[in-house]
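Letters A, B, ... are given to chains in the order of the sequence lines, protein chains preceding strands, and every chain is numbered from 1. Computation of the quantities below employed the complete heavy-atom set of this structure, encompassing side-chain atoms and omitting hydrogens, waters and symmetry-equivalent molecules.
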Amino acid sequence: MYERLGASFKVENWWPAESEFEIMIGAILTQQTTWENVEKVMTDLKANGLLDVDSLVRIDNDTLEEIVMPAGFYRQKASRIKGLAEYIKVHYDSNPLAIMNRPLEEARRELLSIRGIGEETADSMLLFAGHKPKFVAASYVSRILKRTGILDSEDYDEIQRYVESIVPPKPEIYAKFYALLIQLAKTHCKARPICGGCPLERECAFSVRKGE
DNA sequence: ACCCAGGTGGCCC
DNA sequence: GGGCCACATGGG
């Protein structure tokens with residue numbers, strides 16, 4: 001799959017950002033939202049010089065909510081972003097990368113303890129901001145594995161363990177494979193499948209005519 | 001007028 | 001440990 005999807009999709013610079021902290025903020029903003037909506041927020045955050053820990057701690061909540069609005073769930077997300085910034089300021093002297101330097105599983109548990117950071121968001125941060133070998137078992141990944149008959153599971157940890165047991169544990173490979181799967185999902189494997197031209201149509205057990 | 005998006009947390013049993 | 005639900009804007 002890795003090689004065949006790689007021949008079908010270009011996923012270079014797939015998570016564009018000017019800093020690791022920007023990726024961490026993006027990971028929260030993109031929860032249950034399209035990246036296009038996140039970009040508007042990111043542009044606005046950048047324009048207001050808010051992409052650093054101390055500025056986010058300082059900014060008043062109403063202003064931040066207004067900026068976050070286009071990404072949806074804006075009250076939750078604004079407070080989650082603020083909470084993350086405050087956590088890093090208090091525990092890591094405002095250095096967002098310090099947490100990534102801890103042993104992987106400890107860093108993961110610590111991220112999970114922060115409000116608004118669940119498994120997928122934590123792993124996105126570890127993989128894309130921390131460059132750690134953690135595969136992100138997003139719902140799209142689950143859907144593709146299910147429809148292709150590779151693994152029928154909704155359990156995050158099980159899906160992650162499965163992929164990590166097969167794919168070589170290199171951050172670049174996890175990141176590219178993840179990007180390829182999400183790209184595949186966005187073009188062909190949405191809730192309503194778009195099967196024409198899908199590079200995996202032949203082995204997919206749930207192409208449109210069979211239904212789900 | 002629907003359905004869906006690169007989830008998370010809270011509450012119920 | 002599962003099954004709902006709220007959270008919210010923006011695009012098809």
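Against DNA chain B, the stretch residues 37-45 of chain A makes no heavy-atom approach under 4.0 Å.
Bracketed by its first and final contacts, the part of DNA chain B lying under 4.0 Å from non-hydrogen atoms of chain A reaches from B:dC4 to B:dG10 in 5' to 3' order.
Counting only distance, with no hydrogens or angles, the side chain of A:Asn48 and the backbone of A:Leu50 share no donor-acceptor pair below 3.5 Å. Judged by distance alone, the side chain of A:Lys40 and the main-chain N or O of A:Ala71 form no donor-acceptor pair under 3.5 Å. Panel note: side chain A:Thr30, backbone A:Ala27; no donor-acceptor pair is recorded below 3.5 Å.
Rounded to whole Å, the P atom of C:dA8 lies 23 Å from the corresponding atom of B:dA1. Annotation: B:dG6 and C:dG2 have their P atoms spaced 25 Å apart (nearest Å).
The distance from atom CD of A:Glu154 to atom C1' of C:dG3 is 13 Å, rounded to the nearest whole Å. Straight-line distance from the NZ atom of A:Lys186 to the P atom of C:dG12: 13 Å, rounded to whole Å. For the pair A:Glu65 CD and C:dA8 P, the interatomic distance rounds to 8 Å; values are reported in whole Å. Taking atom CG of residue A:Leu29 and atom P of nucleotide C:dG10, one finds them 14 Å apart after rounding to whole Å. For the pair A:Asp155 CG and C:dG3 P, the interatomic distance rounds to 12 Å; values are reported in whole Å.
Atom CZ of residue A:Arg75 and atom CD of residue A:Glu65 lie 6.5 Å apart, to the nearest 0.5 angstrom.
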Practice task
Quick one: do A:Glu119 and A:Arg108 satisfy side chain to side chain contact (heavy atoms under 4.5 Å, CB included)? Show the steps, please.
Solution key: CA-CA 8 Å; A:Glu119 299 192 282; A:Arg108 185 173 196 267; 3.5 Å; yes
Exercise for the section: Begin from the C-alpha positions of A:Glu105 and A:Lys134 and carry the test salt bridge (charged side-chain N to carboxylate O under 4.0 Å, His left out) through to its verdict. Expected result: CA-CA 10 Å; A:Glu105 293 307 321; A:Lys134 255 295 158 208; 3.4 Å; yes
Exercise for the section: Could you please spell out the steps behind the side chain to side chain contact (heavy atoms under 4.5 Å, CB included) verdict for A:Tyr74 and A:Val41? Expected result: CA-CA 10 Å; A:Tyr74 64 91; A:Val41 178; over 6 Å; no
Practice task
Go through the steps for A:His188 and A:Glu201 under the test side chain to side chain contact (heavy atoms under 4.5 Å, CB included), then give the verdict.
Solution key: CA-CA 9 Å; A:His188 296 289; A:Glu201 184 171 12; over 6 Å; no
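Within the nucleic acid shown, A:Ile114 comes within 4.0 Å of sugar-phosphate atoms alone, with no base atom in reach, counting heavy atoms only. Nucleic acid contact for A:Glu119: sugar-phosphate only, since backbone atoms but no base atoms lie under 4.0 Å from a heavy atom of the residue. Using a 4.0 Å heavy-atom distance criterion, A:Lys77 is classed as making no nucleic acid contact. If you check every strand for non-hydrogen atoms under 4.0 Å, A:Ile117 touches sugar and phosphate atoms only. Within the 4.0 angstrom heavy-atom criterion, only backbone atoms of the sugar-phosphate kind lie near A:Gln31; the bases stay farther away. Counting any heavy atom pair closer than 4.0 Å across all strands shown, A:Ser124 reaches no nucleic acid atom. Here A:Tyr140 lies in heavy-atom contact (under 4.0 Å) with sugar-phosphate atoms only.
Identified under the side chain to side chain donor-acceptor pair (under 3.5 Å) test for residues 5-17 of chain A, with sequence neighbours left out: none.
Residues forming a salt bridge (Lys or Arg N to Asp or Glu O under 4.0 Å) with A:Lys46 (at least two apart in sequence, or on another chain): A:Glu18, A:Glu22. Residues satisfying the side-chain hydrogen bond (donor to acceptor under 3.5 Å, both in side chains) criterion with A:Thr121, sequence neighbours excluded, are A:Gln31.
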Can you pull every protein N or O that's under 3.5 Å from an N or O on nucleotides 4-6 of chain C?
none

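Residues A:Cys189 and A:Arg115 both approach DNA chain B. Their nearest nucleotides, taken by heavy-atom distance, put A:Cys189 toward the 5′ side. Toward the 5' end of DNA chain C, the nearer of the two residues A:Glu36 and A:Gln32, judged by each one's closest nucleotide, is A:Gln32.
The closest side-chain donor-acceptor pair between A:Tyr156 and A:Asp123 falls under 3.5 angstrom.
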